[in-house]
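Working notes, structure below.
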Amino acid sequence: MSHEEAGRKGGETTAKKHDHEFYEEIGRKGGEATSKNHDRDFYEKIGKKGGEARARQDGQDGKMSLSEAGRKGGKHSHGGGRDS
């Protein structure tokens with residue numbers, strides 16, 4: 001079995017055993033650990049790299065349009081808007 005296949009199977013098994021809240025919790029913990037171990041310069045560098053990668057993908061300047069940001073934000077919203 002390849003590493004890729006083993007990783008995929010492990011991920012599928014984990015997804016079957018855990019719910020959305022599990023992933024939110026491990027994401028929160030990871031974010032907290034990262035913020036303790038890295039400074040503002042780190043976040044500036046990874047943000048710049050992300051913008052450059054995005055620019056290569058869409059041939060633009062790497063910035064998201066307001067309408068695109070709204071669509072993406074709406075997809076991931078947990079009901080915290082004005083109408084809630």
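Along the sequence shown, residues carry numbers from 1. This one's a predicted model, so the numbers in the text were calculated from it and none came from an experiment.
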In plain terms, say whether E25 and R28 are close enough for a salt bridge, that is, a side-chain N and a carboxylate O under 4.0 Å apart. yes
By side chain to side chain contact (heavy atoms under 4.5 Å, CB included) - contacts of K9 (at least two apart): M1, E5
When rounded to the nearest 0.5 angstrom, what is the spacing between CD in E21 and CD1 in I26? 12.5 Å
Sequence neighbours excluded, which residues qualify as side chain to side chain contact (heavy atoms under 4.5 Å, CB included) partners of T34? H38, F42, Y43
Listed partners of R40 passing side chain to side chain donor-acceptor pair (under 3.5 Å), at least two apart: E44
